[in-house]
Amino acid sequence: MTFDAFSPREVIEAISKSGAQKGNMRLDKVLFSAVSAGCLLAFACGTTLSTTAAPWFQDNAPGLIRTIGALVFPYGLCMILLTSADLCTGSFMFTTVAVLHRRLPWSKMLIHWAVTFIGNFAGSLFIVAIIFGCMEFFPIAVDQCD
């Protein structure tokens, strides 16, 4: 039986090439991609929190609600992968490997890290602002939190 798979050496080589490509991208593209990833991840987190915060389920079926929450969150990560958005943690891995293989200078790596972190943070704050801005439309849910 044969498997069409890469060896560990080939995987690291591919990660290094991809990291060099990511590190040399224009900063505006990196920023918009990172903001997109931050929005997607924050939306997935918000959905998971709203799913697991149902009071009836917490009292009567806590295992079920935790399972549903565990099934809901990964769609945010899948959307990040499908859109090729730049999540900060993936950026750390890809660009670090590229630097260690001397395909990317340290300065570009650090700039890329800063831009992806700022973009992820800005995207997350944008979704938080939308959620808090919509609270006036859902007064019952706000009253139940007190």
Side-chain angles (χ1 to χ4, degrees), residues 3-8 10-101 103-104 106 108-146:
F3 292 105
D4 290 335
F6 293 117
S7 69
E10 291 170 331
V11 170
I12 292 296
E13 189 65 27
I15 289 172
S16 176
K17 286 179 183 176
S18 180
Q21 193 175 26
K22 280 181 176 281
N24 288 315
M25 265 183 15
R26 288 188 358 224
L27 289 181
D28 59 334
K29 282 187 171 186
V30 173
L31 180 66
F32 288 125
S33 178
V35 169
S36 171
C39 287
L40 290 169
L41 194 62
F43 187 72
C45 287
T47 306
T48 301
L49 287 173
S50 67
T51 302
T52 57
W56 187 87
F57 282 108
Q58 286 183 354
D59 294 336
N60 299 314
L64 176 65
I65 199 64
R66 287 187 187 126
T67 303
I68 292 171
L71 294 172
V72 169
F73 177 73
Y75 83 85
L77 297 176
C78 291
M79 291 303 295
I80 290 170
L81 286 175
L82 292 173
T83 59
S84 298
D86 274 334
L87 195 58
C88 196
T89 53
S91 235
F92 290 166
M93 180 190 72
F94 281 93
T95 55
T96 301
V97 172
V99 165
L100 293 175
H101 283 180
R103 291 187 170 157
L104 188 68
W106 284 94
K108 281 194 174 186
M109 178 190 73
L110 294 174
I111 290 169
H112 192 268
W113 284 8
V115 171
T116 54
F117 179 79
I118 290 167
N120 287 167
F121 190 64
S124 298
L125 288 180
F126 178 71
I127 294 297
V128 168
I130 289 174
I131 290 171
F132 277 105
C134 292
M135 277 192 167
E136 68 186 49
F137 299 113
F138 305 106
I140 296 170
V142 174
D143 291 339
Q144 288 177 352
C145 292
D146 293 334

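- Of all the heavy atoms in Ala34 and Val115, the pair that sits closest is CB-O, 4.2 Å.
- Of the possible donor and acceptor atoms, none in the side chain of Ser36 sits under 3.5 Å from a partner among the backbone N and O of Phe32.
- In this structure, Phe94 CZ and Leu104 CG are separated by 13.5 Å, a value rounded to the nearest 0.5 Å.
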Next item on the list: Applying side chain to side chain contact (heavy atoms under 4.5 Å, CB included), run through Asp86 and His112 and close with a yes or a no.
Entry: CA-CA 10 Å; Asp86 274 334; His112 192 268; 4.1 Å; yes
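- Within a 6.0 Å radius of CZ in Phe117, no more than 12 heavy atoms belonging to other residues, nucleotides or ligands are found.
- Minimum interatomic distance between Ala5 and Glu10 (heavy atoms only, all atoms of both residues): O-OE1, 4.3 Å.
- You'll find the side chain of Thr52 stays beyond 4.5 Å of the side chain of Ile68, heavy atoms only.
- Atom NZ of Lys108 sits about 9.0 Å away from atom CG of Leu27, to the nearest 0.5 Å.
- In this structure, OG1 in Thr95 is found 13.5 Å from CD in Gln21, a value given to the nearest 0.5 Å.
- For Ser33 (side chain) and Lys29 (main-chain N/O), no donor-acceptor pair under 3.5 Å exists by modelled atom type.
- Summarising the geometry of Cys39 relative to Gly123, their closest heavy-atom pair is SG-O, 3.5 Å, with the distance given to 0.1 Å.
- The side-chain heavy atoms of Ile12 and His101, taken from C-beta on, include a pair separated by under 4.5 Å.
- Arg66 CZ to Leu71 CG: the interatomic distance, rounded to the nearest 0.5 Å, is 14.0 Å.
- Rounding to the nearest 0.5 Å places CG of Asn120 at 10.0 Å from CG of Leu31.
- At least one side-chain heavy atom of Leu40 sits less than 4.5 Å from a side-chain heavy atom of Thr83.
- Under a cut-off of 6.0 angstrom, the local environment of CD in Glu13 is crowded, with over 12 non-hydrogen atoms contributed by other residues, nucleotides or ligands.
- Shown here is Phe73, whose CZ atom has more than 12 heavy atoms of other residues, nucleotides or ligands within 6.0 Å.
- Put simply, the side chain of Ser18 never gets that close to the backbone of Ala14: no donor and acceptor are under 3.5 Å apart.
- Formation of a donor-acceptor pair under 3.5 Å by the Thr96 side chain with backbone atoms of Phe92 is found in this model.
- Nearest heavy-atom pair across Cys88 and Trp113 is SG-O, 4.5 Å.
- Heavy atoms only, all atoms of each residue included: Gly38 and Ser124 are closest at O-OG, 3.5 Å.
- Rounded to the nearest 0.5 Å, atoms CD1 (Ile80) and OH (Tyr75) are 10.5 Å apart.
- The two residues Gly63 and Thr67 come nearest to each other via the heavy atoms O-OG1, 2.8 Å.
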